[in-house]
Asks: 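Pasting a structure here, questions to come.
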Amino acid sequence: MILRKLGFVVLLLSVIQFSCSKQEKITKPIKAITFHTETYELDWQEIELLERKGAGKSIVEKVDAILLKSKSKGNYPQVFKALAYRSKYINQIEEESTFKILSQYEEELRSAAFPLRSILHSALGELYFQYFNQNSWRVQHRTTTIGFEPKDLKTWSLNQIIDTANFHYLNSLNEKENLSQTPIKHLEQILNQTDLKMDSYFDGQIIRNNLYDFLAHRALDYFKLGNNRKNIPINEFKIDKYPVFSNYSTFINIQVDSIDKFSPKRQTLLIFQEILKNSNQVQKVSYDLNRLLHYYNVSDKEDKDSLYLKALNNLKKEYASHAEITYAIADLYFRWGNEFDFSKPESLKKQWYLKKAKKLLETIPKEDLSFGAKKAQVLINQIMAKQLQFNVEKFYTPSEFMLFQLQFKNIDEVFVRIIKAEDVAFIPNKYFRIEEKAKSLAKSKVLKEFKIALNTPDDLQHHSAEIMHKEKLEIGNYYLLVSANKDFNISENALCFQNFQVSKLAFITRNNTLNNGTEILVLDRENGRPVEKATIEVYNYTYDYNNRENKYVLDKVYKSDKNGKAIIPAEKDARNKKIKVSKDHDVVETDPHYFS
């Protein structure tokens, strides 16, 4: 619900079970409604002061006073606000408060006049559905007892809870004529204006400007979820049986003949029909786009791609100037373009769809300040964003060339630097933010530097390439730094880095069943032979209380035997350790592991 954020959760219990099959029928037109502008600002300021003091009971008493005053004057926005605040604090200060909270909501509903009656129905629909989501795991195996009306919500089955939520959402729309004549501005006191503007504006014009549109879209959003039934009948309502991608005139005249009356998909179709029939020209475009996108997302038709695109293009022919329609078509090509995969021949036709999406978006005039135009610019930025990453081996031998794989998007060339770890400013194993490491690497002394031209088609897609550096590196510890610009700055630039080592040494560890310790085997990385007299240093991860930092401290030193082996004795407790193996000037270390 688009209510001002009150920071509370209402848990529900009920003494009444409703049925979806019976809706309240209220057709008598109402008299003119008084538009209440009184907000009781001083009263609510007093409540804010009580909130800071944590005076829950006093808050309830003050809210009750506002509730009585607003009811006596028929100020329905303040009645609803007072109910919401009262629920918040009753839930905090009283045990078994959920029964009392829901009991009051339903008591207010029974005596509420229009339009509070419709608002409470919609609110209760949402609250029952929240209860369903929070408790479905607990009650999923309960069954509905025919002919018995339980008075405690805790005994209800999932179907009974959902039936009640359905009932309230549907009854919130019963007084369509009166709701349509009630301006949405009457609810300004309780609506979140930021969210309301996002939902209510289309191409710079307000569209959900009455209470019917507001409540209908709340009900629509609920039924569109479509997954809130435990028991699906054999004759389930099938949406793909109907021409849901047809034009406006055909769609609103679809005759729904399914006997699955309680299907959320059926209710979704019926509400879409009602809001479209009740729409003006601007509303019709927005609601039709919403309708087509929904059915594209949920349809199982094999040809839904072509049906959706055809429907959007027909809509654009009728309303050529609407940026929202252009955006919807471009967004579809964007979706398809992201499905392109060089390894899948069936997706090759989608290679240039990102390019097509960009061209469509660029047809929207720059002077267009509508929300659709703003969304178009966001999508253009997303399509054109530079992306860069690479995969490098953790270890190389001094006798081989370095080979790494590059993945990139919207980049024509990359700049590569190889830097010795000893020339980097940050301390190994100490925590540094990625940005700090990148800045430090960009300023470090460069061992080798080169540029690579990436000859790829201008399709705006992701690409990959294997890069070989045809100069052998000496034994040591290095960083590979790759940038989309030669300055290697991190602002508005794609830049990434990884650490790697060049070494002839390798070692493996395994549990030794004889002494329950850890066996280390040191090998020559190039020929696999055991390495004798290699130094094995074991570091423990500890906290330095003097410097207030975590660090690795040297614990024990071992030597490999003629078979390249060494045994680390078992300890009582598992410890986070790091192992460093060296011989002469060759040093190799791996990421920390737990040893016991």
Asks: Between the side chains of Asn247 and Ser249, is a donor N or O closer than 3.5 angstrom to an acceptor N or O?
Replies: no
Asks: How many angstroms lie between atom NZ of Lys310 and atom CG of Asp305, to the nearest 0.5 angstrom?
Replies: 14.5 Å
Asks: What distance separates Asp331 CG from Leu312 CG, expressed to the nearest 0.5 Å?
Replies: 9.5 Å
Asks: Any side-chain donor-acceptor pair under 3.5 Å between Gln281 and Gln283?
Replies: no
Asks: Do Tyr478 and Ile419 have side-chain heavy atoms sitting under 4.5 Å apart?
Replies: no
Asks: Measure the shortest side-chain to side-chain distance between Phe237 and Leu269 over non-hydrogen atoms and say whether it is less than 4.5 angstrom.
Replies: yes
Asks: Scan side-chain atoms only and decide if Glu537 and Ser582 contain a donor-acceptor pair under the 3.5 Å cut-off.
Replies: no
Asks: Counting C-beta onward and ignoring hydrogens, is there a side-chain heavy-atom pair between Asp257 and Tyr242 closer than 4.5 Å?
Replies: yes
Asks: Quick check for you: to the nearest 0.5 Å, what is the distance between Glu393 atom CD and Gln498 atom CD?
Replies: 10.0 Å
Asks: With sequence neighbours excluded, tell me which residues meet ring-ring contact (aromatic ring centres under 6.0 Å, His included) with Phe401.
Replies: none
Asks: Quick one: sort the His217 and Tyr287 rings into parallel, tilted or perpendicular, breaks at 30° and 60°.
Replies: tilted
Asks: Would you say Gln407 and Gln389 are linked by a side-chain donor-acceptor pair, where the criterion is simply a distance under 3.5 Å?
Replies: yes
Asks: Name all residues meeting the side-chain contact (heavy atoms from CB on, under 4.5 Å) criterion together with Ser299; count only those two or more places apart in sequence or in a different chain, and write none if there are none.
Replies: Asp240, Phe245, Lys301, Lys304
Asks: Determine whether the aromatic ring centres of residues Tyr333 and Tyr353 are separated by less than 6.0 angstrom.
Replies: yes
Asks: Give a yes or no answer on whether the side chain of Asn280 reaches the backbone of Val282 with a donor-acceptor pair at less than 3.5 Å.
Replies: yes
Asks: For the pair Lys355 and Asp458, find out whether any cationic side-chain nitrogen is under 4.0 Å from an anionic carboxylate oxygen.
Replies: yes
Asks: Going by the rule ring-ring contact (aromatic ring centres under 6.0 Å, His included), which residues pair with Trp352 if we only count those two or more places apart in sequence or in a different chain?
Replies: none
Asks: So His463 and Leu454, side chain to side chain contact (heavy atoms under 4.5 Å, CB included) or not? Walk me through it.
Replies: CA-CA 9 Å; His463 294 275; Leu454 304 171; over 6 Å; no
Asks: Between Phe223 and Phe272, is there a side-chain heavy-atom distance shorter than 4.5 Å?
Replies: no
Asks: Nearest 0.5 Å please: distance from the CG atom of Asp288 over to the CG atom of Leu293.
Replies: 12.0 Å
Asks: Within the 3.5 Å criterion, strictly below it, is a donor on Lys551 or Tyr539 matched to an acceptor on the partner's side chain?
Replies: no
Asks: May I ask you to check whether over 12 heavy atoms, not counting those of Glu346, lie within 6.0 Å of atom CD?
Replies: yes
Asks: Heavy-atom distance under 4.5 Å between the side chains of Ile162 and Phe129, does that happen here?
Replies: yes
Asks: Tell me if a side-chain donor or acceptor on Ser263 pairs with a main-chain N or O of Asp260 at a distance below 3.5 Å.
Replies: no
Asks: If we ignore hydrogens and angles and just use 3.5 Å, is the side chain of Asn290 paired with the main-chain N or O of Ser286 as donor and acceptor?
Replies: no
Asks: Would the distance check show the side chain of Thr250 and the main-chain N or O of Ser246 forming a donor-acceptor pair, the cut-off being under 3.5 Å?
Replies: no
Asks: Could you please spell out the steps behind the side chain to side chain donor-acceptor pair (under 3.5 Å) verdict for Lys284 and Tyr319?
Replies: CA-CA 11 Å; Lys284 186 171 75 170; Tyr319 303 99; 3.0 Å; yes
Asks: Are any of the side-chain heavy atoms of Phe415 and Phe450 separated by less than 4.5 Å?
Replies: no
Asks: Between Lys472 and Glu400, does at least one N-O distance fall below 4.0 Å, as a salt bridge requires?
Replies: no
Asks: Near Lys386 NZ, under 6.0 Å, is it more than 12 heavy atoms from other residues, nucleotides or ligands?
Replies: no
Asks: Is there a donor in the side chain of Ser306 and an acceptor in the side chain of Asp303, or the other way round, less than 3.5 Å apart?
Replies: no
Asks: I want to check a possible cation-pi pair here: Arg525 against Phe395, using under 6.0 Å from ring centre and within 45° of the ring axis as the test.
Replies: yes
Asks: Run Ser343 and Asp341 through side chain to side chain donor-acceptor pair (under 3.5 Å) and show every step you take.
Replies: CA-CA 5 Å; Ser343 65; Asp341 186 338; 2.8 Å; yes
Asks: Under the criterion side-chain contact (heavy atoms from CB on, under 4.5 Å), which of Val416, Leu480, Leu473 is the partner of Lys448?
Replies: Leu473
Asks: Between Lys437 (side chain) and Phe497 (backbone), is there a donor-acceptor pair under 3.5 Å?
Replies: no
Asks: Just by distance, no angles: are the side chains of Asn477 and Gln501 close enough, under 3.5 Å, to form a donor-acceptor pair?
Replies: no
Asks: Suppose we call two aromatic rings close when their centres sit under 6.0 Å apart. Are His469 and Phe404 close by that rule?
Replies: no
Asks: Taking atom types as modelled and ignoring hydrogens, do the side chains of Asp423 and Ser444 form a donor-acceptor contact shorter than 3.5 angstrom?
Replies: no
Asks: Taking the basic N atoms (NZ, or NE/NH1/NH2) and the acidic carboxylate oxygens, is any pair closer than 4.0 Å for Asp459 and Lys350?
Replies: no
Asks: Any idea which heavy atoms bring Val588 and Ser503 closest together, and the distance?
Replies: CB-OG, 3.9 Å
Asks: Donor-acceptor pair, distance only, cut-off 3.5 Å: does the side chain of Asn485 make one with the backbone of Phe488?
Replies: yes
Asks: Can any side-chain N or O of Tyr396 pair as donor or acceptor with the backbone N or O of Leu403 at less than 3.5 Å?
Replies: yes
Asks: Do Gln387 and Asn410 have side chains that get closer than 4.5 Å, going by heavy atoms?
Replies: no
Asks: Do other residues, nucleotides or ligands put more than 12 heavy atoms under 6.0 Å from Lys316 NZ?
Replies: yes
Asks: Have Ser370 and Asp368 got a donor and an acceptor in their side chains that come within less than 3.5 Å?
Replies: yes
Asks: Look at the side chain of Ser560 and the backbone N and O of Ala534, then say whether any donor-acceptor pair between them is shorter than 3.5 Å.
Replies: yes
Asks: Please determine whether side chain to side chain donor-acceptor pair (under 3.5 Å) holds for the pair Asn381 and Gln377, giving the CA-CA distance in whole Å, both sets of side-chain angles, and the decisive distance to 0.1 Å.
Replies: CA-CA 6 Å; Asn381 294 341; Gln377 188 56 55; 3.1 Å; yes
Asks: Within a strict 4.5 Å, meaning less than it, do heavy atoms of the Leu406 and Leu388 side chains meet?
Replies: yes
Asks: For the backbone of Phe251 and the side chain of Arg291, can you confirm whether one donor and one acceptor N or O come within less than 3.5 Å of each other?
Replies: no
Asks: So, taking the atom named CG in Leu289 and the one named NE2 in His294, what distance separates them when rounded to the nearest 0.5 Å?
Replies: 14.5 Å
Asks: Taking Lys583 first and then Glu532, would you say they form a salt bridge - that is, a charged N and a carboxylate O separated by under 4.0 Å?
Replies: no
Asks: Apply side chain to side chain contact (heavy atoms under 4.5 Å, CB included) to Val256 and Arg266, showing your working.
Replies: CA-CA 8 Å; Val256 181; Arg266 180 179 184 274; 3.7 Å; yes
Asks: Are side-chain N/O atoms of Asn493 and Ser483 paired as donor and acceptor at under 3.5 Å?
Replies: yes
Asks: Ion pair present between Glu435 and Lys439, side-chain N to carboxylate O less than 4.0 angstrom?
Replies: no
Asks: Nearest 0.5 Å, please: how far is OG1 in Thr456 from CD in Gln461?
Replies: 11.0 Å
Asks: Is there a donor in the side chain of Asn278 and an acceptor in the side chain of Glu274, or the other way round, less than 3.5 Å apart?
Replies: no
Asks: Do the two ring centres, one from His322 and one from Tyr327, sit under 6.0 Å apart?
Replies: no
